[in-house]
Every structure is written in C-alpha cells, then in structure tokens.
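A short write-up of the structure that comes next.
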Number of protein chains: 2
Amino acid sequence: MFSIDYHSRQPIYEQLYDNVIHLVSLGVLTPDEQLPPVRQLAMELGINPNTVSKAYKNLENDGMIYSVVGKGSFISGKSDITEWKKQEITTKITQAVQEAVKLGIEQQQIVELVDTVYKGGNQS
Amino acid sequence: MFSIDYHSRQPIYEQLYDNVIHLVSLGVLTPDEQLPPVRQLAMELGINPNTVSKAYKNLENDGMIYSVVGKGSFISGKSDITEWKKQEITTKITQAVQEAVKLGIEQQQIVELVDTVYKGGNQS
DNA sequence: TTAATTGTATTAATTGAGCTAGTACAATTA
DNA sequence: TAATTGTACTAGCTCAATTAATACAATTAA
C-alpha cells in the first residue's frame with residue numbers, strides 16, 4: 001500500500017507523509033478510514049515505529065489525519081489541503097512551462113520530459 | 001554574488017553548482033570568465049575550501065566550467081546562454097512534475113496543462 | 001629565479017539529521 | 001482483565017556533509 005525508497009535523500013517519514021496525501025488524492029484512502037497502526041506499518045515496512053509515528057504526527061499537525069490513543073489514526077474529513085496543494089503545484093508547472101516557451105523549447109520535448117518522470121526517471 | 005542557504009537540505013556544494021548555472025543563464029557570468037578562486041570564495045561564504053572545490057569539480061565533470069591548476073576556473077564557452085537556460089528550466093520542470101506525481105496528479109492532466117500553455121492559455 | 005596564487009588530492013575529525021532501540025504510559029477495545 | 005493503540009522519552013547508531021590540516025603541481029608576478 002505504501003511505497004518507500006530507502007535510499008532516497010528524502011526522509012522516510014516524509015515519504016510516508018507524501019504517500020498518505022497521494023492515496024487520499026487518488027481516493028484510495030477515504031475520510032474516517034483507519035490507517036495502519038504505527039507498530040504494524042513499521043513492521044511491514046521494516047522500519048522503526050518512531051519513524052511512522054513522526055509521519056503520523058506531521059500529518060495530524062497539518063490536519064490530514066486525526067489520531068486517538070487506543071483507537072488509531074484516521075483520514076481527516078476535510079481533506080481540502082490536497083486540493084490546495086494540487087493548485088499550488090499546477091501553478092508552479094504552468095510558470096515553468098511558460099519559461100520554456102519563451103526559450104523556444106518544443107512542446108514535444110516537455111511532454112517527453114513529463115513522460116520520463118512518470119516512468120520513474122530522475123529519481124532520488 | 002552567490003547566495004547560499006546554510007540550513008537547506010540541499011548540500012552547499014550543490015547550491016553552489018546551481019548558482020553558477022543560474023548566473024550564466026542570466027548572463028551575469030559569461031564564457032571564459034573566471035570564477036572566484038576556491039580559497040577566496042570559501043572565505044567569502046564562510047565555508048571550507050573543500051566544499052567549493054567539490055562544486056567546481058562537479059561543474060567541470062558536467063562540462064560547465066574548466067579548471068587549470070595555477071590559473072583558475074572559468075566558465076565553459078562551448079554552449080551559449082540559451083543552452084544554460086534550457087538546462088535550468090528542464091531541471092525546474094522535472095522537480096515540479098515529481099511533486100505532482102506525489103500528489104497523485106495524472107500524467108494526462110499535466111500534458112493537458114502543457115498543451116494549454118502552448119496554445120496561449122494562462123498568460124501573465 | 002623566487003614567491004605568491006591557483007586547482008587538486010589526501011586523510012582524519014566533526015557535525016547534525018535521520019533512524020534505531022528500548023521502555024513506559026494512557027486511553028480504548030475485546 | 002488483557003490486548004491494542006497513540007504518544008513520549010532517552011540513548012545510541014549511521015551516514016552524508018562539512019570541516020580541518022596538509023601537501024603537491026602548475027601558473028603567474030615580482
């Protein structure tokens with residue numbers, strides 16, 4: 001369910017954070033759905049519970065999830081933060097592409113670049 | 001001349017690398033122009049000469065500059081400013097798209113976004 | 001020729017973020 | 001009551017980045 005790159009420069013707890021947002025934006029995780037328990041997810045991923053806890057803690061601070069001791073961690077009902085972030089990144093891409101146009105870069109080159117990224121290129 | 005964020009997750013030597021490319025793309029640094037000596041730049045930025053050296057070494061490996069013992073390091077003259085700008089914007093787009101992937105934005109949406117920009121939409 | 005400047009190389013030590021390890025506590029659930 | 005859950009805390013480990021100290025070779029300027 002969660003995919004982690006253990007050799008990435010990006011910390012595991014941040015990758016976990018991004019994973020949750022990603023899954024929510026895809027509709028895989030829905031509001032009030034329970035996330036895997038800290039210990040269980042840590043065991044599945046072969047990492048320390050503290051690392052998972054840190055990810056959950058950050059997600060809760062940002063309003064993406066809510067946690068209750070003894071019950072678990074759940075997806076927040078108001079996940080509009082995802083939409084806000086999508087808007088932000090859309091703007092960033094638009095601006096970057098506009099610069100590319102000014103430099104005379106062909107549209108096809110950009111499309112190929114995007115394709116490369118989606119195929120898993122330029123990682124870590 | 002160079003701006004470094006000492007608290008960034010990105011290593012100083014990489015920031016220095018990006019700085020040189022940026023300055024060339026702006027036309028501030030021109031081909032065959034000499035870069036600050038390793039020791040001098042290190043002192044100005046309050047960092048270790050080895051860190052500057054590492055940045056210069058990487059820049060030379062990528063053909064961005066050329067270094068001569070006893071003389072100094074100089075901007076490569078092989079490619080004109082436009083090529084440097086393309087290099088910079090390509091990196092920027094790649095990073096932005098990578099963020100989009102994390103958020104679960106579909107590839108088609110990005111392609112459509114690019115298409116819109118190239119058709120003249122989203123003008124500033 | 002001599003001294004200063006330059007890039008380069010090497011080895012060792014230091015620093016800090018990230019992660020692990022172990023334990024404990026409180027609230028909830030079965 | 002016992003198991004599960006999130007949370008908190010301290011200590012230690014790992015690794016990349018950076019620092020530190022030196023040395024060497026080529027160039028430049030005196």
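No hydrogens, no waters, no symmetry mates; every other heavy atom, side chains included, goes into these values.
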Which whole-number value in Å describes the distance from I4(A) CD1 to dC19(C) C1'?
13 Å

If we count only N and O atoms by modelled type, under 3.5 Å, do the side chains of Q108(A) and E112(A) hold a donor and an acceptor together?
yes

Starting at atom CG of L59(B), determine the distance to atom P of dG7(C), rounded to an integer number of angstrom.
13 Å

E14(B) CD to dA16(D) P: how many Å, rounded?
13 Å

Atom NZ of K71(A) and atom P of dA26(C) are separated, to the nearest Å, by 20 Å

If the cut-off is 4.0 Å, is R9(B) near the phosphate of dG18(C), judged by side-chain N/O to OP1 or OP2?
yes

Do any pairs count as a salt bridge (Lys or Arg N to Asp or Glu O under 4.0 Å) and have a residue in residues 9-23 of chain B, sequence neighbours left out, and if so which ones?
R9(A)-E14(B), E14(A)-R9(B)

Which part of the nucleic acid, if any, lies within contact of E60(A), taking any heavy atom under 4.0 Å across all strands shown: a base, the sugar-phosphate backbone alone, or nothing?
sugar-phosphate

Strand contacts (DNA chain C) in residues 47-58 of chain A, 4.0 angstrom heavy-atom criterion
I47(A), N48(A), N50(A), T51(A)

Between V97(B) and L113(A), is any pair of side-chain heavy atoms under 4.5 Å apart?
no

Is dC9(D) paired to anything, Watson-Crick or G-U wobble with both distances less than 3.5 Å, and if yes, which nucleotide?
dG22(C)

Cut-off 3.5 Å, side chains only: do E44(B) and Q40(B) have a donor facing an acceptor?
yes

How close or far is atom P of dT19(D) from atom OH of Y6(B), stated in whole angstroms?
9 Å

Whole Å only: how far is the CE atom of M43(A) from the P atom of dT20(C)?
15 Å

Round to a whole Å and report the spacing from CZ of F74(A) to C1' of dA27(C).
13 Å

Closest to the Y13(B) side chain, choosing from dC24(D), dA17(D), dT7(D)
dA17(D)

Please confirm whether the backbone N or O of G63(A) pairs with a side-chain atom of S76(A), one donor and one acceptor, at under 3.5 Å?
yes

Sugar-phosphate, base or nothing in reach of R39(B), heavy atoms under 4.0 Å
base

Does the side chain of S67(B) get closer than 4.0 angstrom to OP1 or OP2 of dG7(C) through an N or O atom?
no

Can you pull out every ring pair (Phe, Tyr, Trp, His ring centres under 6.0 Å) where at least one residue sits in residues 13-60 of chain A? Sequence neighbours excluded, please.
none

For I65(A) and dT5(D), give me the distance from atom CD1 to atom P, rounded to whole Å.
15 Å

I4(A), M43(A): one ILVMFWY side-chain cluster at the under-4.5 Å cut-off?
no

Hey, which of these two, P11(A) or V68(A), hits DNA chain C nearer its 5' end, going by closest nucleotide?
P11(A)

Taking a pair to mean Watson-Crick or G-U wobble geometry with both distances below 3.5 Å, dT29(C) pairs with dA2(D)

Who does dA30(D) pair with, Watson-Crick or G-U, both distances under 3.5 Å?
dT1(C)

